[in-house]
Amino acid sequence: MLVEELSATFNTVAADVKLQMEFNPDVISEWRLIGYENRVLREEDFRNDKVDAAEVGAGKSVTALYELTPVGKKGLLEPRRYEKSNKMMPVIKGEELGFLRVRYKQPGKSSAVEFDRAVSVRDLRRQPSTDFRFAAAVAGFGQLLRGGNYLGTFGYDDVKMLAQSARGADAGGYRQGFIKLVEMAGSLTPVPPQDGQD
């Protein structure tokens with residue numbers, strides 16, 4: 001691990017990386033960022049280059065997972081009485097899922113570079129990649145370890161099945177190692193008694 005990760009640690013390719021996702025309220029009624037609670041910035045700090053953010057090393061990537069509730073589906077919150085879509089930006093209803101902005105500084109530079117792109121509903125309908133499904137398994141595992149308030153009946157066996165289906169080539173064996181970790185955590189977790197049993 002040290003040999004493979006060391007070069008990325010010393011070779012930063014992007015500093016103060018900030019991501020901002022805005023969801024189209026005509027398509028998404030609720031959203032929840034999974035993880036990153038300690039890295040969430042105030043909206044007004046996105047373009048404030050004095051606010052520190054994350055570094056990304058050579059060959060590394062960042063994954064942000066959101067739980068989305070489409071309009072018309074039951075979510076965690078009750079509908080808001082006075083919420084309306086923002087009509088300042090004309091968007092064909094249902095065409096855009098949201099709008100992603102990315103901001104970062106090149107190594108040694110003090111000013112940031114920013115780019116953005118609309119995320120279409122079609123992007124959401126594509127078959128999820130192996131890496132995406134494995135990331136979802138890891139996120140589900142993290143949620144279970146933290147108490148799983150939003151997981152419903154999703155448990156360790158579900159994490160294991162999802163991870164196994166997305167193991168892929170696994171050259172370093174890290175994904176198989178993760179699956180063994182999930183099995184171990186599942187075996188150490190007490191099973192609640194069924195109704196009528198003590």
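FYI, the numbering just counts along the sequence from 1. Reckoned from all heavy atoms, side chains included, excluding hydrogens, waters and symmetry mates.
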Point to revise | Of all pairs that satisfy ring-ring contact (aromatic ring centres under 6.0 Å, His included), the ones with a partner from residues 133-170, not counting sequence neighbours | key: F134-F178, F141-F178

**Study point:** Heavy-atom side-chain contact between S120 and E95 under 4.5 Å
**Key:** no

Exercise for review: Answer whether the closest heavy-atom distance between the side chains of V121 and V27 falls below 4.5 Å.
Suggested key: yes

Check your understanding: Under a 4.5 Å cut-off applied to non-hydrogen side-chain atoms, are K105 and V113 in contact?
Key -> no

Check your understanding: If you round to the nearest 0.5 Å, how far is CZ of R39 from CG of L19?
Key -> 11.0 Å

Check your understanding: Looking at D52 and K18, does any basic side-chain N land under 4.0 Å from a carboxylate oxygen?
Key -> no

Point to revise | Nearest heavy-atom neighbours spanning N24 and D26 | key: OD1-N, 2.9 Å

Review point. Measuring from S111:OG to D49:CG, what's the distance to the nearest 0.5 Å?
Key: 7.0 Å

**Study point:** Pair E30 + K73, salt bridge at N-O below 4.0 Å
**Key:** no

Check your understanding: Counting only heavy atoms not in E43, do more than 12 sit closer than 6.0 Å to its CD atom?
Key -> no

Review point. Charged N to carboxylate O below 4.0 Å: is that the case for R47 and E114?
Key: yes

Point to revise | salt_bridge(D16, R103) N-O dist < 4.0 Å | key: no

Review point. Quick one: are I28 and V71 in side-chain contact, heavy atoms under 4.5 Å?
Key: no

Point to revise | Rounded distance (nearest 0.5 Å) linking atom OG1 of T153 with atom CG of D158 | key: 6.5 Å

Exercise for review: Over all heavy atoms of both residues, which pair between I179 and Q164 is shortest? Give the atoms and the distance, please.
Suggested key: CD1-CG, 3.7 Å

Check your understanding: Taking only residues two or more places apart in sequence, or in another chain, which ones meet Y66 in a side chain to side chain contact (heavy atoms under 4.5 Å, CB included)?
Key -> M21, F23, W31, L33, A64, L68

**Study point:** Check ion pair D157-K160 (N to O, under 4.0 angstrom)
**Key:** no

Check your understanding: Taking all non-hydrogen atoms of both residues, which atom of P70 and which atom of S29 are closest, and how far apart?
Key -> O-OG, 3.6 Å

Practice item. Report yes or no: do L188 and L145 belong to one cluster of Ile/Leu/Val/Met/Phe/Trp/Tyr joined by side chain heavy-atom distances under 4.5 Å? Key: no

